[in-house]
A.B. asks: 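Here you go, one structure.
The analysis underlying the following values was restricted to heavy atoms, covering all of them including side chains, and did not include hydrogens, waters or symmetry mates. Residue numbers start from 1 in every chain, and the chains themselves are labelled A, B, ... in the order their sequence lines are given, proteins ahead of strands.
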There are 2 protein chains.
Amino acid sequence: MTGNSTRERIIEVADRLIYERGYEHTSFADIAAGVKISRGNFYHHFKTKDEILDTVIERRLMTTRHLLDEWEMTGETPAARICCFVRILVTNRTKIMQFGCPVGTLAGELTRLGHRSSTRASALFSLFREWLCRQFEQLGRAEDADELAMELLAWSQGVATLASALRDEAFLEREVERMCEWVKTGKENVPCGKELD
Amino acid sequence: MTGNSTRERIIEVADRLIYERGYEHTSFADIAAGVKISRGNFYHHFKTKDEILDTVIERRLMTTRHLLDEWEMTGETPAARICCFVRILVTNRTKIMQFGCPVGTLAGELTRLGHRSSTRASALFSLFREWLCRQFEQLGRAEDADELAMELLAWSQGVATLASALRDEAFLEREVERMCEWVKTGKENVPCGKELD
DNA sequence: GTCTATAGACGGATAGAC
DNA sequence: GTCTATCCGTCTATAGAC
């Protein structure tokens, strides 16, 4: 089906452009040019810009679920699985250095604009949160698993933001190592260690 | 001088709107309407949109320097001064919950768009970084003061992003407490304590 | 008369929607 | 392909201070 594959290509290009430029800064013309179709043809598949946004978000939710399932299967221990999550910062570092974290930037933009779909975009965070929560539970931290999940989410978000803004890729790589250490051994680099109390 | 005060009012409104809506999504018409002047009058004070962006960034740099000087004087210990920084998350929580961190969102937007002024916007981060670095040095951590400064910056950025996206103000307040604890006592909530090794 | 602050119309470009 | 709205930026016109 040509129609279906055209629709798929539209979503793919829109997904990429929304990540790279932000939702408001991505125009129909940009997407149409990326897919190499006319704008008229475009409206045959999507009536409004918001409709594309919703489709892109649902697509991201789906691919994220698949990704989490994959990590669930490949990681042998809970700690190893959590490290799979942490390491996407390194895996996607080229784009993250340029455009930040795709989850954080979209959720941030839509929340700030008070957009109707902001909660759906934030559901991407919840997906990671719940998955991480389960991993921490299996790590023997059932009591504060959700707190730990939120801490790691925030940590990785901050690292992506700062590494991108200050163009410091070494910082990103160093922090990924620290996060993995934190998960595995619990060792922490604290400003004023207990031994100094 | 009426002219000067009009210019000042333009910068103030532009500063607020750029924070609340983002740079690209803030139009001259919006700013002019906020100041209650005509668009023609506007161009008498600022020739281009980038010119007003630069002015807003320089203004933020200046007010940030003053803020840091204030904390330098009011905080009695290095740890107390660092906590002044951490607590702006709570002080400005209403706006942060709606629009995120003003430093991170602007630097992120400009970096992503490859804007000419992105480095100037990121200089705001550097201002905090260098100030925090000095505080950690005074805390007796001269060796890794800059690393600690970056860690705390990233931490606070991540908390702002996540609290805003998930509309979780309790998380923001809880993390602020944890950050202050971290600075003061070095105690950490780790997923797998050393004692389990 | 000159300078400055203000206002408002105009144009080219581009946006989303049909 | 067309339509309308809005964007940025430039233009000219007016009002008052000196």
Side-chain angles (χ1 to χ4, degrees), chain A residues 2-3 6-7 9-59 105-106 109-110 112-118 120-121, chain B residues 1-59 105-106 109-110 112-118 120-121:
Chain A
T2 315
T6 301
R7 187 187 159 90
R9 280 193 299 146
I10 291 175
I11 301 171
E12 276 171 30
V13 172
D15 194 338
R16 182 175 56 82
L17 289 180
I18 286 175
Y19 173 32
E20 293 178 356
R21 311 182 186 184
Y23 174 61
E24 285 289 337
H25 202 248
T26 298
S27 70
F28 277 16
D30 293 333
I31 302 173
V35 186
K36 285 176 181 135
I37 58 171
S38 68
R39 289 208 324 290
N41 191 358
F42 198 99
Y43 278 93
H44 180 258
H45 298 279
F46 294 96
K47 293 198 204 310
T48 69
K49 200 180 170 184
D50 283 351
E51 196 179 318
I52 294 184
L53 173 65
D54 289 339
T55 311
V56 166
I57 293 176
E58 293 309 317
R59 177 193 149 98
T105 51
L106 184 61
E109 181 184 5
L110 298 184
R112 172 152 73 165
L113 298 178
H115 193 283
R116 181 183 54 80
S117 298
S118 66
R120 270 322 264 169
Chain B
M1 282 259 250
T2 313
N4 243 335
S5 100
T6 300
R7 187 187 158 91
E8 257 312 307
R9 280 193 298 146
I10 290 175
I11 301 170
E12 276 170 30
V13 172
D15 194 337
R16 181 174 56 82
L17 289 180
I18 286 174
Y19 174 32
E20 293 177 357
R21 310 183 186 183
Y23 174 61
E24 286 287 339
H25 201 249
T26 298
S27 71
F28 275 23
D30 293 333
I31 303 173
V35 187
K36 284 175 182 135
I37 58 169
S38 67
R39 281 186 358 94
N41 189 3
F42 193 100
Y43 278 91
H44 178 71
H45 297 279
F46 295 95
K47 294 198 203 310
T48 67
K49 199 181 171 183
D50 282 351
E51 194 179 320
I52 204 172
L53 173 66
D54 289 338
T55 311
V56 165
I57 293 175
E58 294 308 319
R59 176 192 150 98
T105 51
L106 184 62
E109 181 184 4
L110 297 184
R112 173 153 71 166
L113 298 178
H115 194 284
R116 181 184 54 81
S117 298
S118 66
R120 271 320 265 168

A.B. asks: Decide, yes or no, whether a salt bridge links A:D15 with A:R59 under the criterion of side-chain N to carboxylate O below 4.0 Å.
C.D. replies: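 Looking at A:R59 together with A:D15, the answer is yes, because their closest N to O distance falls below 4.0 Å.
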A.B. asks: Could you tell me whether the side chains of B:S38 and B:N41 share a donor-acceptor contact shorter than 3.5 Å?
C.D. replies: no
A.B. asks: Have a look at A:T48 and say if it touches a base, only the backbone sugar-phosphate, or nothing, with a 4.0 Å heavy-atom cut-off.
C.D. replies: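 It contacts sugar-phosphate atoms only.
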A.B. asks: Where the side chain of B:R39 is defined as all heavy atoms beyond and including C-beta, which of C:dA7, C:dT4, C:dA9 is the nearest nucleotide?
C.D. replies: C:dA9
A.B. asks: Roughly, in whole Å, what's the span from CD1 in A:I31 to P in C:dT14?
C.D. replies: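 Going from CD1 in A:I31 over to P in C:dT14 covers 17 Å.
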A.B. asks: Mind checking B:F28 for me? I need base, sugar-phosphate or nothing, with any heavy atom below 4.0 Å counting as a touch.
C.D. replies: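 Answer is sugar-phosphate: B:F28 comes under 4.0 Å of backbone atoms only.
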A.B. asks: May I have the distance from A:I18 (atom CD1) to C:dG16 (atom P), rounded to whole angstrom?
C.D. replies: 11 Å
A.B. asks: Is it true that A:E12 and A:R16 have a side-chain N and a carboxylate O under 4.0 angstrom from each other?
C.D. replies: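 Salt bridge absent between A:E12 and A:R16.
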A.B. asks: Verify whether the ring centers belonging to B:F28 and B:F46 lie closer than 6.0 Å.
C.D. replies: no
A.B. asks: Find the distance A:I37:CD1 to D:dG1:C1' and express it as a whole number of Å.
C.D. replies: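 Atom CD1 in A:I37 sits about 15 Å away from atom C1' in D:dG1.
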A.B. asks: Rounding to an integer number of Å, can you tell me how far B:E8 CD sits from C:dA5 P?
C.D. replies: 14 Å
A.B. asks: May I have the distance from A:H25 (atom NE2) to C:dA15 (atom C1'), rounded to whole angstrom?
C.D. replies: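 Atom NE2 in A:H25 sits about 11 Å away from atom C1' in C:dA15.
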A.B. asks: Does the Lys NZ or Arg CZ of A:K47 fall within the cation-pi geometry relative to A:F42 - under 6.0 Å from the ring centre and within 45° of the axis?
C.D. replies: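 So A:K47 doesn't make the cation-pi contact.
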A.B. asks: Return no unless some side-chain N or O of B:H44 is found under 4.0 Å from OP1 or OP2 of C:dT6.
C.D. replies: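 No, outside the criterion.
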A.B. asks: Report the nucleotide, chosen from C:dT6, C:dG16, D:dC8, that has the shortest atom-to-atom distance to any side-chain atom of A:S27.
C.D. replies: C:dG16
A.B. asks: The side chain of B:K49 lies closest to which of these nucleotides: D:dC8, C:dG16, C:dT4?
C.D. replies: D:dC8
A.B. asks: For B:E24 and C:dT14, what is the distance between atoms CD and P respectively, to the nearest whole Å?
C.D. replies: 14 Å
A.B. asks: Looking only at the side chain of B:Y43 (C-beta and beyond, no hydrogens), which of the listed nucleotides C:dA5, D:dC8, C:dG8 gets closest?
C.D. replies: D:dC8
A.B. asks: Could you state the CD-P distance from B:E51 to D:dT10, rounded to the nearest angstrom?
C.D. replies: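 Answer to the nearest Å: 11 Å.
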A.B. asks: To the nearest angstrom, how far is A:H45 atom NE2 from C:dA17 atom C1'?
C.D. replies: 16 Å
A.B. asks: Give a yes/no on whether any side-chain N or O of B:N41 is located under 4.0 angstrom from OP1 or OP2 of C:dA7.
C.D. replies: yes
